[in-house]
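Each ligand, and each atom within it, is numbered from 1 in the order the structure gives. Just the heavy atoms: all of them, side chains too, but no hydrogens, waters or symmetry mates, feed the values below.
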Amino acid sequence: MSEASNDFSFGTKAIHAGVEPEPVTGAIMTPIFQTSTYVQPAVGEPLSGSYDYGRTANPTREALEASIAALESGSFGVAFASGLAALEAIVKRLSAGDHVISEENTYGGTTRMFNHVLSRLGIKFTYVDARDLEAVSAAIQPNTKLIHVETPTNPMMKLCDIRAISELAHANDALLCVDNTFASPFNQRPLELGADFTMHSSTKYVNGHSDVIGGLIAVRDPALADDLYFIRKSSGAVPGPMDCFLTLRGIKTLHVRMIRHNENGQKVAEFLEMHPRVDRVLYPGLSSHEQYDLAKRQMNGFTGMVSVDVGTLERTKALTENLRIFSLAESLGGVESLVNVPALMTHGSVPEDRREAMGITPGLVRFSVGIEDIDDILADLDRVLQI
Ligand SMILES: *Cc1c(COP(=O)(O)O)cnc(C)c1O
């Protein structure tokens, strides 16, 4: 179905795109090609096409890549060993002296990689609040090659206007990368809005079962795809065949899971907003969200990610350590509910002054609302809020 897959709607693509019956046996499911190399009947002539070595080519991985390309309305997918490896490959297209503008409130590990690894290699980074188009525009320099944003951001749920920023980037010969991990391709497709790269930590919603670390990129431009394949082959951050298989299997229920994540996220956000012991709820699906209009325009749903401010570390601990359905853990986007204290956990590596300036205080709690029964989830939250 890969040829015509863009004619189908999202749920059909989630199940079928990239997945062809295996030609030798007719197996309906893509086999796990757990091999590091392939036989060559004659010198320099692999038995089949480009299959010469597992780092360069693997059929299970290619099926996953065709799937994410279709789901993100792209033409090519590129799979990596982790979300950070995927993002690193995008930045590795640049050279020493080139400049990147990044949203300031990205995933903590993104900031760490930019500040402590890639900046040592001579790539320059400027951080901006990408809600503010003027600020993004003012940060552009003659050597700016890439703008990197996350929307919604982690954990402040800020949005940025993908279409407007892509126009700004292109008017200045720069490319736009959107980290689409928080939204998932079901809720938001940045390539349709003009972005050049959309990337995922597929560890989160895309795989959805908290059992794989992985990264995926989708692009439309064949030259960008070639660059990424070349960088991956040269640098080596490939995912294993088993992980590709598991992620493909997770994707088959992406649309069904996201419908429930969206419903549960909305109900939790509304419940917490009405609750007297919660100071503030950050969720793009609430009309109180300062970018609610942009959210409705740019997204089809608002996910299960909900952040709240409960004021103090003492209250944060009372809340997060006594929940029964929500486990206290890093990560997000799995079928099970998780809760996290960004200032002390996921964003611990962000310098404290920058953290405070962005509102990531010890009173901030981030929920990844799973797809359990909503009555149980709300009862769990209600109980701990009484403590
Ligand atoms: C988790 C995460 C990453 C990093 O992905 P890994 O798979 O852990 O390397 C990047 N961006 C966002 C938004 C994330 O949540």
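Between Arg257 and the choices Ile251, Val335, Asn262, the side chain to side chain contact (heavy atoms under 4.5 Å, CB included) rule is met once, by Val335.
Side chains of Ser288 and Glu273: a donor-acceptor N/O pair is present below 3.5 angstrom, by distance only. A donor and an acceptor atom, one from each side chain of Glu22 and Thr25, are located under 3.5 Å apart.
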Could you give the N/O to N/O pairs under 3.5 Å linking ligand 1 and the protein, each with its distance?
residue  : atom   : partner : partner atom : Å
ligand 1 : 5 (O)  : Ser201  : OG           : 3.0
ligand 1 : 7 (O)  : Gly83   : N            : 2.9
ligand 1 : 7 (O)  : Ser201  : OG           : 2.8
ligand 1 : 7 (O)  : Thr203  : OG1          : 2.8
ligand 1 : 9 (O)  : Gly83   : N            : 3.1
ligand 1 : 9 (O)  : Leu84   : N            : 2.9
ligand 1 : 11 (N) : Asp179  : OD2          : 2.7
ligand 1 : 15 (O) : Lys204  : NZ           : 2.7

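Residue pairs meeting the side-chain hydrogen bond (donor to acceptor under 3.5 Å, both in side chains) criterion with at least one partner in residues 350-367, sequence neighbours excluded, are Asn154-Arg366. Sorted by first and then second residue, the side-chain hydrogen bond (donor to acceptor under 3.5 Å, both in side chains) pairs involving residues 226-236 (not counting sequence neighbours) are Glu65-Arg232, Lys92-Ser235, Arg93-Asp227.
With sequence neighbours excluded, no residue forms a side-chain hydrogen bond (donor to acceptor under 3.5 Å, both in side chains) with Arg163.
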